[in-house]
Amino acid sequence: MAMAKRTKVAEILVGEYIGKELTVAGWVRSFRSNQFIALNDGSTIKTLQIVVDFENEDPEVIKMITVGAAIKVTGTIVESLGRGQSVELKASNIKVLGVADAEQGPGQYPLQPKKHSLEYLREIAHLRFRTNTFGAIFRIRHHAAYAIHEFFHNKGFLYIHAPIITGSDAEGAGEMFKVTNFDMDDTPKGEDGKVDFSQDFFGKATNLTVSGQLEAELAALAFSEVYTFGPTFRAENSHTSRHLAEFWMIEPEVAFADLEDNMDLAEEMLKYVIKSVLDRCGDDLDFLEKRLIDEEKVKPMNERSPMPLKEKLQFCIDTDFERLTYTRAIDILKNCKPNKKGKFQFKIEEWGADLQSEHERYLVEKHFKKPVILTDYPKDIKAFYMRMNEDGNTVGAMDILFPGIGEIVGGSQREERLDVLLARMKEMDIHEDEMSWFLDTRRFGTCPHAGFGLGFERLILFVTGMANIRDVIPFPRFPGSAEF
RNA sequence: GGUCCUUUAGCUCAGCUGGUUAGAGCAUCUGACUGUUAAUCAGAGGGUCCAAGGUUCGAGUCCUUGAAGGACCGCCA
C-alpha cells in the first residue's frame, strides 16, 4: 500500500495552497510551546511551521514530538498569524513515524537546535545531512553536478564512463590503491619470491584509477568531444584541507582543439556551473553566506573574505579570468614586494622553479584579485603527455587557480605527435609496452586535442564558501579515515 | 612525509602566576506559561578535566611519552 500522497515543503512555500488540505512528512527541527513544529523534509533549507492543537491532541503523541523525530501531518494550509512565515499548516492529524530518543546517555539524538562544530558533525557524518549547513551544501552539490552534465550535453559532448579499476599503473597522477582478490595472509608467490598477480582475479596487478584522462582521450579521438565525471582515487599521504583519497573529477577531452580552446572551455564551464548554482540555490547560498560572515566575525580583518559569498560568485561570472604564461608569472613574482622583502618561505630566484601555493595565492589574491589561468609551464615539472611547445622548454599546460582554493583545474594540450611523445616517455622512464593501447591513438589518425581535469569537491568548496574539503563530500576518505 | 595548535558536562566553551567543594550557555528531566520564531521563567540531574608516567606539601593548570582531532607545507584536482 502506498503512503498517502504528500506535498513537499519547498512546493508549499512557493505554491498557492491556502485553504487546501494536504499531507506533509519530514523531521522535526524544533518544537516550541507544545504548539509549533518546525518541519524540514530536505526539499528546501526552509521549514514549514506546523501548528498543533495541543489542547485536543493526545499527550502521548505530543511527548514523542522531539527534535529529530520523523512525523507525517495532515492539515490545512492557512495564512500564518505569527511573523516568521507567511503560511503554516494547521494540523488535524499527526502521526509519529519514528521517534528520536532525547534521553541522555547512549542513543541520544546528537543534533540539537544549536550550532555544532564542523569537526563534531564530521564524526557523525551519517546524521549531518539533517543540519542546515550540510543540507545546503549537498543540495548545492547536486545542482552543480546536474549543471555540469547539462553544460556538456548542451554542447554535444558525450558522457564517457571511464573504468574505476584500471590495469594501467602509468596514469601519471600519483600513488594508486591496489585492487586484489587475494587472501592477504596467503598470497601466491612467483619464482622470484614476489607476489604473482597472474593468479589474481584479473590475471594481473590492478589499481583504482587516478584519472580517466587516458581513456577519455581514446573516446575523444572517435567522438570529438567527450567528458568523464566519476570518482578517482589517490593513495597520497596528504594532510590538507584540499585533498581527499577519494574524490570526483570531471575530465573533458576535445579533439581538434588547442590550449586556447581548452582554456575557453574550462572558463565557460566554471561560469556556467557557478551561475546555475546562483540561479537555483539562492536560499542555500543565503544561509551559507550568513554562516560564513558569522564565522569570520571572530577573525582579524585581513583574514576575512574580501566579499560576501554571492557577490564573490557573481564577480567570478562577470570577470574574465587572467591568462598569463608561467614565464610572465615568474617575472611578476621575482619583482614583487614579498619576494624582495623575503616574506615568501620559498624565494623565487629563477625560471624553472615550481610555484608553491604561497606564490599562487599571491598571484590570485593579491596581484590580480581574480581567477588566474597559468600556461606554458617548464616541461620538467609537468606530465609526459603534455604537448611540447616550439621553444622545446615549455609544454602547453594550463592550471586554473581560484582565490581561497588554489588549483581547481589542471589541463593541457596533449602531445599528438608520436615521435615527440615517445621521446618524452623515454626521458621520463615510462615503459612503452604498457602504454601501447594509448599510443595507438597517435599511430592511427592522431590529431591535435586537449583536455583538463576539474576537482569537483574543490569547485564545491568555492561555491559554498566552506573551508575543508571533507565537509563538501558526504563521506570523506583521507589518510587514517574511511568511516561509514 | 614535515612543522605547529587543540583535547575540561551530551554539545559549545570559560577556568588567571599550581591552592583546597571545577563553572556558564545550550541540551536533558520536573513544573509554570501558551501565537512561538534557536520561545520564556523556576528548579533538578549530569565530570576518570584524552591516557600513562613524572615534578610538587598540593596538578584541570608544569614536564615527558602516547592517542585523537585540527591548521599549514609538500604531492595534486
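Order of the sequence lines sets the chain letters (A, B, ...), proteins ahead of strands, with each chain counted from 1. No experiment lies behind these values; they were computed from the predicted model shown. Side-chain atoms are counted along with the backbone in the values below, which use heavy atoms only and exclude waters and symmetry mates.
- Between B:rA9 and B:rU61, the distance separating the two P atoms is 14 Å to the nearest Å.
- Using N1 to N3 plus N6-O4 or O6-N4 for Watson-Crick, or N1-O2 and O6-N3 for G-U wobble, each under 3.5 Å, B:rC4 pairs with B:rG70.
- Backbone-only contact: A:S241 has heavy atoms under 4.0 Å from sugar-phosphate atoms and none from a base.
- Nucleic acid contact for A:Y120: sugar-phosphate only, since backbone atoms but no base atoms lie under 4.0 Å from a heavy atom of the residue.
- Evaluation of atom-type donor-acceptor distances gives a pair under 3.5 Å for the side chain of A:E88 against the base of B:rG35.
- Residue contacts shown for A:N132 are absent, as no nucleic acid heavy atom lies under 4.0 Å away.
- Separation of the C1' atoms belonging to B:rC49 and B:rU8 is 4 Å when rounded to the nearest angstrom.
- With C1' as the reference atom, B:rG18 and B:rG58 are 8 Å apart, rounded to whole Å.
- Minimum atom distance to the side chain of A:S80 is reached by B:rU36, of the listed B:rU36, B:rA77, B:rG70.
- Using a 4.0 Å heavy-atom criterion, one finds that A:S117 contacts the sugar-phosphate atoms exclusively.
- B:rG15 and B:rG54 have their P atoms separated by 29 Å, with the value rounded to a whole Å.
- If you check every strand for non-hydrogen atoms under 4.0 Å, A:Q85 touches a base.
- In this structure, of B:rU34, B:rG74, B:rU36, it is B:rG74 that holds the atom nearest to the side chain of A:R242.
- Taking a pair to require two hydrogen-bonding distances under 3.5 Å in either a Watson-Crick or a G-U wobble arrangement, B:rG31 pairs with B:rC41.
- Of the candidate nucleotides B:rC75, B:rU30, B:rC73, B:rC75 has the atom nearest to the side chain of A:H243.
- Ring centroid separation for the pair A:F129 and A:F475 comes in under the 6.0 Å cut-off.
- For B:rA77 and B:rA67, the P atoms lie 32 Å apart once the distance is rounded to whole Å.
- Counting non-hydrogen atoms under 4.0 angstrom, A:S238 reaches a base of the nucleic acid.
- Evaluation of atom-type donor-acceptor distances gives a pair under 3.5 Å for the side chain of A:R234 against the base of B:rA77.
- Straight-line distance between the P atoms of B:rC4 and B:rU48: roughly 32 Å, to the nearest whole Å.
- Across all strands shown, B:rG18 forms no Watson-Crick or G-U wobble pair with both distances under 3.5 Å.
- In the set B:rG2, B:rC76, B:rC11, the nucleotide with an atom closest to the side chain of A:H239 is B:rG2.
- Here A:K382 lies out of heavy-atom contact (under 4.0 Å) with every strand.
- Residue-level contact check: A:I408 touches the backbone only, with heavy atoms under 4.0 Å from sugar-phosphate atoms and none from bases.
- In this structure the side chain of A:T327 never reaches within 4.5 angstrom of the side chain of A:D376, judged on heavy atoms.
- Side-chain atoms of A:E236 lie closest to B:rC75 of the nucleotides B:rC75, B:rG35, B:rA77.
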For nucleotides 47-51 of chain B, which of its nitrogen or oxygen atoms have a protein nitrogen or oxygen under 3.5 Å away, and what is each distance?
none

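- Residue A:K46 is out of contact with every strand shown, counting any heavy-atom pair closer than 4.0 Å.
- Using a 4.0 Å heavy-atom criterion, one finds that A:T240 contacts the bases of the nucleic acid, with or without backbone contacts as well.
- Under the Watson-Crick or G-U wobble criterion, with both distances below 3.5 Å, B:rU56 has no partner in any strand shown.
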